[in-house]
Amino acid sequence: MHPALSDDLGRLPEILQAARDFAVQEVSGLDGRPVARLGKAPVPDPLPGRGAGAEGALARFAGRWAPGFSGSAGPRYLGFVTGGATPASLTGDWLTSAYDQNVSGAAGSFASALEHETLSWLRELFGLGEEHHGAFVSGATVSNTVGLAIAREWLGERRGVSVADDGAGALGPVEVLSGRPHSSITKALSILGLGRNSLLRVPVLPGNREAVDVERLDAALTALNGRPAVVVANAGTVDTVDFDDLRAIAALRERHDFWLHVDAAFGGFAALSPAYSSLVAGLDAADSVCVDLHKWLNVPYDAAVQFTRRQDLQVRVFHNASPYLGLPGADPDFLHLTPENSRRLRALPAWFSLAAYGREGHREIVERNIALARRLGERIGRTPGLRLLAPVRLNVVCFTLADDPTERRVRALADTVAASGEAFVTPTCYDGTHGLRAAFSNWRTSEADTDRVFAAVARHRTEPRL
C-alpha cells in the first residue's frame with residue numbers, strides 16, 4: 001500500500017475530525033462570507049507526484065480553493081432555484097459517502113429498500129398514487145429526459161413499433177406540445193432523437209400569464225387528426241411560477257390521445273401547503289412527473305426523482321441485459337429504470353431530512369419562503385427605479401429596472417449586487433423585457449436576509465456598475 005494511503009488509514013479518525021471542523025467553520029460562516037465570488041480562479045497546478053496525504057490536501061484546498069467558493073448553500077443566494085442542505089440531509093450525505101453503496105441493484109444491501117421507502121414518502125408528499133413508480137436521478141434535466149423517453153416508447157406502442165429496439169427514426173414525425181416549457185425539455189428532445197423542432201409551443205393565457213391556454217391546446221391537439229402526441233405541462237414556470245391547469249389538461253384525454261408529462265421541478269412542492277396545494281391539483285393524473293429535490297427539499301446536490309405510471313415501458317427503454325446483472329423482474333432493480341447503472345445512494349440525504357423534519361417541517365420551509373418572496377416583491381413594487389414584471393405567485397420575484405431595462409443595464413445591476421457580496425440573483429428575459437429573478441428555496445432564509453437582499457438591490461438600482 002502507498003505510504004500516504006497507509007498513514008491516512010491509520011489516522012482516519014483524526015482526518016475526519018479535521019474535515020468535520022473545517023466544514024463546521026465553513027457552514028457556520030455562511031452568513032458572513034460573500035454570497036458569490038466573481039474573481040479570477042487560480043491557475044491550475046500540475047498533478048502532484050508524491051502527494052501530501054489527506055490532511056495536506058485539506059490544507060491545500062482550504063488555502064487555495066475554498067476562499068473562492070460561493071455561498072450558494074446560504075440564505076441570500078437567490079439565483080436559479082437553489083436550495084441549501086438541512087442539517088439532517090447533510091448528515092445523510094456524509095454517511096452516503098462513508099457507506100459508498102452502489103444502488104444499481106438490491107443484492108447484498110438494504111440500500112435499495114431504503115430508496116424504495118424514500119420514494120414512497122415522496123410519492124405521498126406530492127399526492128401521487130401507488131400506481132406511480134419512481135427512481136432517483138441527478139436533477140430535473142435527467143428526470144425530464146427519463147419521462148420523455150418513456151413517452152417516446154409510449155408513442156411507439158401507439159404506432160406499432162419499439163423505439164427501444166428500432167430507434168427514434170421508426171416513429172416518424174412526433175409532436176410535443178407545451179406552453180412555457182423549461183429549456184431542459186428541448187435539451188431532452190435533442191438527446192432522445194426527437195429533435196428540438198418537435199416542440200410545438202401553444203399560446204399561453206393573456207394578462208401577464210405563463211400558463212397554457214387549455215382551449216388553444218385543445219385546438220392544437222384536434223389539428224393532429226388523431227395522431228398520438230406528448231403534452232408537457234408545467235407546474236411552476238421558471239420566471240413567474242405560473243401553473244398549468246393540470247385537471248383541465250388531463251380532461252382533454254377524453255377526446256385526444258396523448259401522454260401527459262408534468263414538469264414540477266420545484267412547483268410540485270406547493271403540494272405541501274394547504275394554501276397552495278390547489279396549484280398542483282391533478283398532478284396524480286400525469287403519466288410521468290419530474291421533481292427536483294436539491295431545490296426545495298433542501299438536500300445536497302445532486303438529487304431529483306421521476307415518477308411514472310408505465311414502469312413496464314420504462315424498463316423496456318432502460319433495461320440492461322447482461323448475465324451478471326440479471327434480467328428485470330416484477331420489481332426491477334434501479335439500473336433498469338434510468339440511464340445510470342452505477343450511482344451513489346442519493347436517497348439517504350432525502351430520507352434523513354424527511355425522517356428528521358417530516359411533512360410539517362418541510363411545509364414550514366415552503367410557506368416561509370413564499371412569505372419572504374412576497375415580502376421582497378411588495379418592497380420592490382413600492383420602490384422608485386424598480387418594478388415587478390409579474391405578480392409574485394409563489395417563491396420567485398421577477399423584477400427589473402423601471403427605466404431603460406436593457407440587457408446591459410440589468411446584467412450590470414446583477415453583477416453589482418453580486419460584487420457587493422450581499423446577494424446573488426440571476427438574469428432572465430420575460431415577455432421581451434430583461435429582468436432579474438430572486439428565487440426563494442433555502443431553508444435558512446429569514447426576514448433579515450430578505451431585507452439585506454432588498455437593500456443591496458435598491459442601493460445599486462440607479463447606478464449599476466457598467
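Atom SG in C290 sits 9.0 Å away from atom CD in Q306 (nearest 0.5 Å). The distance from the CG atom of L389 to the CG atom of N208 is 8.0 Å, given to the nearest 0.5 Å. Rounding to the nearest 0.5 Å gives a distance of 11.0 Å between CG of L194 and CD of E175. The OG atom of S112 sits 6.5 Å away from the CD atom of E115 when rounded to the nearest 0.5 Å. Taking CZ from F454 and OG1 from T383, the interatomic distance works out to 3.0 Å, rounded to the nearest 0.5 Å. Within the model, atoms CG of L200 and CG of L217 stand 10.5 Å from one another, a figure rounded to the nearest 0.5 Å.
The aromatic rings of F269 and F126 sit perpendicular, their planes meeting at an angle over 60°, well past the 30° parallel limit.
Proximity of a side-chain donor or acceptor of T145 to a complementary backbone N or O of T141 within less than 3.5 Å is detected. Put simply, the side chain of N395 gets close to the backbone of F440: a donor and an acceptor are under 3.5 Å apart. Side chain of D292 to backbone of G139: no donor-acceptor contact under 3.5 angstrom is found. Judged by distance alone, with hydrogens and angles left aside, the side-chain atoms of N369 form a donor-acceptor pair with the main-chain N or O of N442 at under 3.5 Å. Judged purely by atom type and a 3.5 angstrom limit, R64 has no side-chain atom pairing as donor or acceptor with the backbone of P42. Distance alone, capped at 3.5 Å, is enough to place a donor-acceptor pair between the Q314 side chain and the L337 backbone. Panel note: side chain R209, backbone D242; no donor-acceptor pair is recorded below 3.5 Å. Side chain of T308 to backbone of Q311: no donor-acceptor contact under 3.5 angstrom is found. Under a 3.5 Å cut-off, the side chain of T186 and the backbone N or O of S183 do form a donor-acceptor pair. At distances below 3.5 Å, not a single donor-acceptor pair connects side-chain atoms of H261 with backbone N or O atoms of V232.
Scanning all heavy atoms of the two residues, the minimum distance from I249 to A233 falls at CD1-CB, 4.0 Å. The minimum heavy-atom distance linking F334 with A135 is given by the pair CD2-CB, 4.0 Å. Nearest heavy atoms, A36 versus F424: CB-CD1, 3.7 Å. Closest approach of E422 to A456, counting heavy atoms only: CB-CB, 3.8 Å.
By the 4.0 Å N-to-carboxylate-O rule, R408 lies too far from D415 to be salt-bridged with it.
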Exercise for review: Check the pair W351, L114 against side chain to side chain contact (heavy atoms under 4.5 Å, CB included), reporting the backbone distance first and the verdict last.
Suggested key: CA-CA 8 Å; W351 185 95; L114 179 141; 4.0 Å; yes

Review point. Does the side-chain hydrogen bond (donor to acceptor under 3.5 Å, both in side chains) test come out yes or no for Q25 and D21, once each step is laid out?
Key: CA-CA 6 Å; Q25 169 192 308; D21 292 343; over 6 Å; no

Exercise for review: Show your reasoning for whether side-chain hydrogen bond (donor to acceptor under 3.5 Å, both in side chains) applies to S72 and T82.
Suggested key: CA-CA 7 Å; S72 59; T82 305; over 6 Å; no

Exercise for review: Test V291 against L122 for side chain to side chain contact (heavy atoms under 4.5 Å, CB included), laying out the working first.
Suggested key: CA-CA 10 Å; V291 184; L122 291 166; over 6 Å; no

Exercise for review: Would you please test Q101 and R344 for side chain to side chain contact (heavy atoms under 4.5 Å, CB included) and show each step?
Suggested key: CA-CA 6 Å; Q101 304 287 285; R344 73 199 307 261; over 6 Å; no

Practice item. Using the side chain to side chain contact (heavy atoms under 4.5 Å, CB included) rule, take V299 and D93 through it: C-alpha gap first, then chi angles, then the decisive distance, then the call. Key: CA-CA 8 Å; V299 300; D93 197 61; over 6 Å; no

Review point. For R444 and D31, what are the C-alpha separation, side-chain angles and deciding distance, and is it a salt bridge (charged side-chain N to carboxylate O under 4.0 Å, His left out)?
Key: CA-CA 10 Å; R444 296 170 62 126; D31 212 35; 5.7 Å; no

Practice item. Go through the steps to decide whether F61 and F69 satisfy the test ring pair (Phe, Tyr, Trp, His ring centres under 6.0 Å), and finish with yes or no. Key: CA-CA 11 Å; F61 169 76; F69 276 36; 5.4 Å; yes

Check your understanding: Please walk me through it: do R393 and D239 pass salt bridge (charged side-chain N to carboxylate O under 4.0 Å, His left out)?
Key -> CA-CA 10 Å; R393 295 190 176 96; D239 286 327; over 6 Å; no

Point to revise | CA sep, side-chain torsions, deciding dist, call: E55, R11, salt bridge (charged side-chain N to carboxylate O under 4.0 Å, His left out) | key: CA-CA 10 Å; E55 287 181 299; R11 302 193 66 256; 2.2 Å; yes

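Contact annotation: the side chain of V238 approaches that of R437 to within less than 4.5 Å [non-hydrogen atoms, C-beta and beyond]. Residues D213 and V204 have side chains not in contact (no heavy-atom distance under 4.5 Å, counting atoms from C-beta outward). Inter-residue side-chain proximity for P181 and D263 is flagged as unmet; no heavy-atom pair is nearer than 4.5 Å. Between L354 and L297, the closest side-chain pair of non-hydrogen atoms falls below 4.5 Å. Counting heavy atoms from C-beta on, the side chains of P300 and W94 never come closer than 4.5 Å. L401 is not listed as a side-chain neighbour of D403, based on a closest heavy-atom distance of 4.5 Å or more. Proximity of Y430 to T400: side-chain heavy atoms (C-beta onward) are nowhere separated by under 4.5 Å. Side-chain contact between D451 and R375 is present, with heavy atoms from C-beta onward closer than 4.5 Å.
If you run side chain to side chain donor-acceptor pair (under 3.5 Å) between T237 and each of E210, H182, R180, only E210 comes through. The side chain to side chain donor-acceptor pair (under 3.5 Å) with R346 is formed by just one residue from the set T118, D302, T96; it is D302. Screening H362, R368, E360, E367 for a side-chain contact (heavy atoms from CB on, under 4.5 Å) involving E364 leaves a single residue, R368. Under the side-chain contact (heavy atoms from CB on, under 4.5 Å) rule, V457 has a single partner from L386, L436, V397, which is L386.
The six-membered or imidazole ring of F80 lies away from that of F266, with a centre-to-centre distance of 6.0 Å or more.
Within a 6.0 Å sphere centred on CZ of R374, other residues, nucleotides and ligands contribute more than 12 heavy atoms.
Taking the centre and axis of the six-membered ring of F136, the NZ or CZ atom of R343 falls outside the cone set by 45° and 6.0 Å.
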